[in-house]
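What follows is a short report on a single structure.
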Amino acid sequence: MTGTERREQLLDIGRTLFAERGFEGTSVEEIAAKAGVSKPVVYEHFGGKEGLYAVVVDREMSRLLSMVTGALTAGHPRELLEQAAFALLDYIEQYTDGFHILVRDSPVAQSTGTFASLIGDIATQVEDILGLEFKGRGYDPKLAPIYAQALVGMVALTGQWWLNVRKPKKAEVAAHLVNLAWHGLQGLEHRPTLVGRRRT
C-alpha cells in the first residue's frame with residue numbers, strides 16, 4: 001500500500017469508528033488494529049487521534065458546505081429554500097456517518113470547527129440571497145442575518161431529528177420545512193412588534 005493509500009484507509013476506518021463511538025470512545029489502538037498496522041503508523045500520518053479526527057471533520061464540513069452551496073442555483077426564492085432543505089437532507093441520507101461526526105461535540109472544535117460553525121457558514125450564503133430579496137421587497141436588508149440563521153437552523157435541527165426517525169420521506173420533510181419557511185416569510189411584517197408585556 002502506498003503512503004497515500006494507507007492514509008485514505010486510516011481516514012475511512014477512523015471515520016467509521018468516530019461515527020459509531022465518538023471521539024472519546026475510539027482509540028488509536030483500535031484504528032491501527034482495524035487497518036492491520038502498528039500504532040506508530042497512525043502517528044506518522046496524523047500525529048495522533050486528534051489529527052486524524054480533525055481531517056475527518058474538515059472533510060465532512062467541506063462536503064456538506066459544498067452540497068448546500070452547490071444546490072443553490074434557482075432564481076426563485078421558494079425554490080432556493082427547497083434546494084437548501086434537500087441538500088442538507090441529501091447529505092444526512094448519503095453521508096450518515098459524517099453527519100453523526102459533525103453533530104457530536106468535538107474535543108478539537110477550536111481548530112477544526114463545529115456543526116454550529118458550519119451552519120453559520122451556510123447561513124451566510126443564505127443571508128446574501130435574503131438580503132437582496134429583502135431590499136427588493138422593501139424590508140431592511142440589515143435584518144437578513146437574523147432570518148438566515150433562523151431558516152438554516154430550522155432545517156438543521158429538523159435534519160438531526162429526521163436522521164433518527166427517517167419518517168416521513170425526505171421530500172415530504174422538505175415540503176413541510178419550505179411550507180413553514182415560505183409562508184412565514186410571505187407574511188412578514190415590515191416592523192414586527194411584541195404583543196406581550198415584556199419589551200426588553
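- Here CD of E44 is found 10.0 Å from CZ of R6. Values are rounded to the nearest 0.5 Å.
- In this structure, OG1 on T4 lies 8.5 Å from CZ on R7, to the nearest 0.5 angstrom.
- F18 places none of its side-chain heavy atoms less than 4.5 Å from the side chain of H100.
- The heavy-atom pair separating L72 from L80 by the smallest distance is CD2-O, 3.6 Å.
- Between M67 and Q94 the shortest side-chain heavy-atom distance falls below 4.5 Å.
- Cluster membership check: L132 does not share its hydrophobic cluster with I129, using side-chain heavy-atom separations under 4.5 Å among Ile, Leu, Val, Met, Phe, Trp and Tyr.
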Is there a side chain to side chain contact (heavy atoms under 4.5 Å, CB included) between E79 and T73? Walk through the geometry before answering.
CA-CA 9 Å; E79 247 189 300; T73 59; over 6 Å; no
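- Closest heavy-atom contact between A181 and L81: CB-CD1, 4.1 Å.
- Around the NZ atom of K34, the shell of radius 6.0 Å holds no more than 12 heavy atoms that belong to other residues, nucleotides or ligands.
- Separation of atoms NZ (K39) and CD (E30) is listed at 13.0 Å; rounding is to 0.5 Å.
- Side chains of E60 and Y91 form a contact here, defined as non-hydrogen atoms less than 4.5 Å apart.
- Side-chain contact between R59 and R15 is absent, with no heavy atoms from C-beta onward closer than 4.5 Å.
- The side chain to side chain donor-acceptor pair (under 3.5 Å) contacts involving residues 171-181 comprise N179-H183, where partners must be two or more places apart or lie in separate chains.
- Looking only at side-chain heavy atoms (C-beta outward), Y53 and T26 stay at 4.5 Å or farther from each other.
- Atom CD of Q83 is separated from atom CZ of R78 by 13.0 Å, given to the nearest 0.5 angstrom.
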Can you give me every donor-acceptor pair (side chain of residues 134-163, partner residue at least two apart or in another chain, under 3.5 Å) with its distance?
| from | atom 1 | to | atom 2 | distance (Å) |
| --- | --- | --- | --- | --- |
| R137 | NE | E133 | OE1 | 3.1 |
| R137 | NH2 | E133 | OE1 | 3.3 |
| Y139 | OH | L188 | O | 3.0 |
| D140 | OD1 | K142 | N | 2.9 |
| T158 | OG1 | M154 | O | 2.7 |
| W162 | NE1 | P168 | O | 2.9 |

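- Proximity of L11 to E8: side-chain heavy atoms (C-beta onward) are separated by under 4.5 Å at one or more points.
- For A174, the side-chain contact (heavy atoms from CB on, under 4.5 Å) partners two or more places apart in sequence, or in a different chain, are A85, F86, L89.
- Judged by a 6.0 Å distance limit and a 45° cone about the ring axis, R63 is positioned over the six-membered ring of Y95.
- Using a 30° and 60° split on the angle between ring planes, W182 and H76 fall in the tilted class, from 30° to 60°.
- In this structure, the separation between CZ on R21 and OG on S27 is 8.5 Å, given to the nearest 0.5 Å.
- T200 contributes atom OG1, which lies 6.0 Å from atom CZ of R198 (distance to the nearest 0.5 angstrom).
- Using a distance-only test at 3.5 Å, with no hydrogens or angles considered, a donor-acceptor pair links the side chain of K49 to the main chain of F23.
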